[in-house]
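Take a look at the structure below.
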Amino acid sequence: MRVRPRLWIVPVLTVLVAVAAALPAFSRAGSGETHRTGAVTPTKAADARRPVARDVVLAVHGGAGTALRRETTDPRKEKAYRDGLADALKAGRRVLRDGGDSVAAVEAAVRVLEDNELFNAGRGAVFTEDAGHELDASIMRGSDLAAGAVAGVRSVRNPVSAARLVMEKTKHVMLAGEGADDFAARNGLPTVTQDYYWTQRRWDELMKAKAPAKDPRAGKATKGGKGTGAAAEEITGTVGAVAVDRDRDLAAATSTGGMTNKMAGRVGDSPVVGAGTYAKNGTVAASATGHGEVFIRGAATATISHLIEFGGRDVASAAYEVVVGRLPRLGGTGGVIALDHEGTLAAPHSSEGMVYGYLTEDGDIVTRLFPDESSSDG
């Protein structure tokens with residue numbers, strides 16, 4: 001909560017604000033070291049239709065799902081989530097501070113999240129039904145609509161970097177499976193064996209998902225082994241990033257291990273341009289997380305861009321319309337981080353919770369985990 005300044009300070013503050021405004025916006029990106037959590041204020045329904053922040057240069061998310069609860073979340077777990085988001089933002093901040101573009105910034109941020117086993121991307125990815133790991137990722141550049149994606153990769157350490165290679169070194173948009181793995185290796189990306197992705201937490205989730213579901217009326221096991229599984233219990237862990245650089249070019253990237261106990265070969269929205277990822281200068285950079293099939297059917301991120309371009313919407317109302325107004329009617333929930341070229345950030349979600357963070361032009365880092373953390377900039 002901001003403290004009302006004393007009247008005698010107002011003239012001094014006015015001068016300071018004027019001086020700050022005269023400085024190049026992106027020369028300040030990365031200069032600050034502030035890391036704070038979201039303001040703890042009651043969230044109103046109307047807030048979700050408004051921006052969560054302004055003057056943002058980079059934002060990341062770590063998935064959507066059943067909300068983390070302040071009263072039941074272990075402090076060490078809270079710190080791990082906040083540190084994970086902050087580390088990703090710091091990586092992107094270094095890129096922007098050194099003059100890098102938005103594409104490099106989102107790649108750097110997502111790579112950090114892929115290397116963090118807390119999230120469902122890269123190390124720590126969930127298991128398929130046959131106890132394997134298949135990863136998806138995409139990246140998109142807003143200046144010319146260039147995009148790259150990989151789907152079902154099994155040996156790439158950082159799928160987002162493979163997606164960028166597809167965008168920059170091929171005439172294609174998406175490569176899948178063994179061909180994508182081989183392409184990444186031939187171009188010098190680090191490769192890993194399947195056990196690199198393994199974590200006990202994700203294995204336990206797979207076992208729970210495969211356990212026979214119980215009939216709540218009789219307390220008996222039923223056939224099928226389709227248990228709702230741990231994936232429905234908490235944040236899913238799909239990761240993404242959006243950025244705007246000093247040239248006001250937008251970029252977005254998304255990476256995931258998919259759904260626990262998914263069919264081998266299943267591909268969700270994360271590598272699909274216009275569903276899980278989209279970036280177009282003048283409209284939006286967006287990265288989504290949630291029920292992938294629904295985000296594909298609803299062309300989620302592209303629709304946000306279209307509502308802005310052809311419907312005259314602002315980024316917050318467009319993102320809200322798609323994520324909260326439309327996708328639940330198709331049978332799924334989730335969230336999105338959406339950033340426009342002016343640095344206005346929206347983060348609506350129809351799921352109970354979504355973890356995300358952002359970096360401002362002044363270098364401030366903000367992370368938000370809990371439902372009671374403020375969700376609008378006013």
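Note that these values count all heavy atoms, side chains included, but never hydrogens, waters or copies made by symmetry. Position 1 is the first residue of the sequence; numbering continues from there.
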Next item on the list: Start with the C-alpha gap between T344 and D314, add the side-chain angles, then the distance that decides, and say whether side-chain contact (heavy atoms from CB on, under 4.5 Å) holds.
Entry: CA-CA 9 Å; T344 303; D314 60 85; over 6 Å; no

Find out if a path of hydrophobic residues (ILVMFWY) with successive side-chain heavy-atom gaps under 4.5 Å connects [X] to [Y].
X: L118; Y: L113; value: yes
X: V355; Y: L359; value: yes
X: F119; Y: V126; value: no

Check: Are N261 and K210 close enough, and set up right, to give a side-chain contact (heavy atoms from CB on, under 4.5 Å), and what steps lead you there?
Finding: CA-CA 7 Å; N261 203 31; K210 286 184 173 297; 3.2 Å; yes

Residues [X], [Y]: salt bridge by 4.0 Å N-O rule:
X: E361; Y: R246; result: no
X: E114; Y: R123; result: no
X: R70; Y: D372; result: yes
X: R326; Y: E321; result: yes
X: E117; Y: R202; result: no
X: R69; Y: E373; result: no

So, [X] versus [Y]: side-chain donor-acceptor pair below 3.5 Å or not?
X: D87; Y: N116; value: no
X: D362; Y: T360; value: no
X: T333; Y: S350; value: no

Check: V153 pairs by side chain to side chain contact (heavy atoms under 4.5 Å, CB included) with which of L175, D181, D182?
Finding: D181

Checklist line | ILVMFWY cluster membership beyond M140 - transitive side-chain contacts under 4.5 angstrom | finding: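 Its cluster mates, by chain and number, are L145, V173, V273, Y278.
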
Note to self: Counting C-beta onward and ignoring hydrogens, is there a side-chain heavy-atom pair between E107 and V95 closer than 4.5 Å?
What the structure shows: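 No. Closest side-chain heavy atoms not under 4.5 Å.
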
Margin query: Just so I know, are the side chains of V267 and D136 near enough to count as touching, which here means a heavy-atom distance under 4.5 Å?
Written below: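 Yes; the side chains approach each other to less than 4.5 Å.
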
Using 0.5 Å steps for rounding, measure from the [atom1] atom of [X] to the [atom2] atom of [Y].
X: Y81; Y: Y356; atom1: OH; atom2: OH; value: 16.0 Å
X: M259; Y: T128; atom1: CE; atom2: OG1; value: 12.0 Å
X: L89; Y: D364; atom1: CG; atom2: CG; value: 11.5 Å
X: H291; Y: I296; atom1: NE2; atom2: CD1; value: 13.0 Å
X: E78; Y: T73; atom1: CD; atom2: OG1; value: 7.0 Å
X: D144; Y: K280; atom1: CG; atom2: NZ; value: 12.0 Å

Without placing hydrogens or testing angles, list every side-chain donor-acceptor pair under 3.5 Å for residues 184-191, not counting sequence neighbours.
unit_1 : atom_1 : unit_2 : atom_2 : d
N187   : ND2    : F183   : O      : 2.9

Next item on the list: Could you walk me through whether T254 and S270 pass side-chain hydrogen bond (donor to acceptor under 3.5 Å, both in side chains), step by step?
Entry: CA-CA 6 Å; T254 310; S270 295; 5.7 Å; no

Margin query: Looking only at the aromatic ring of each residue, does the gap between the centers of H133 and Y197 stay below 6.0 angstrom?
Written below: yes

Notebook entry, point to check: Should we say atom CD of E309 is surrounded by more than 12 heavy atoms from elsewhere, each under 6.0 Å from it?
Noted result: yes

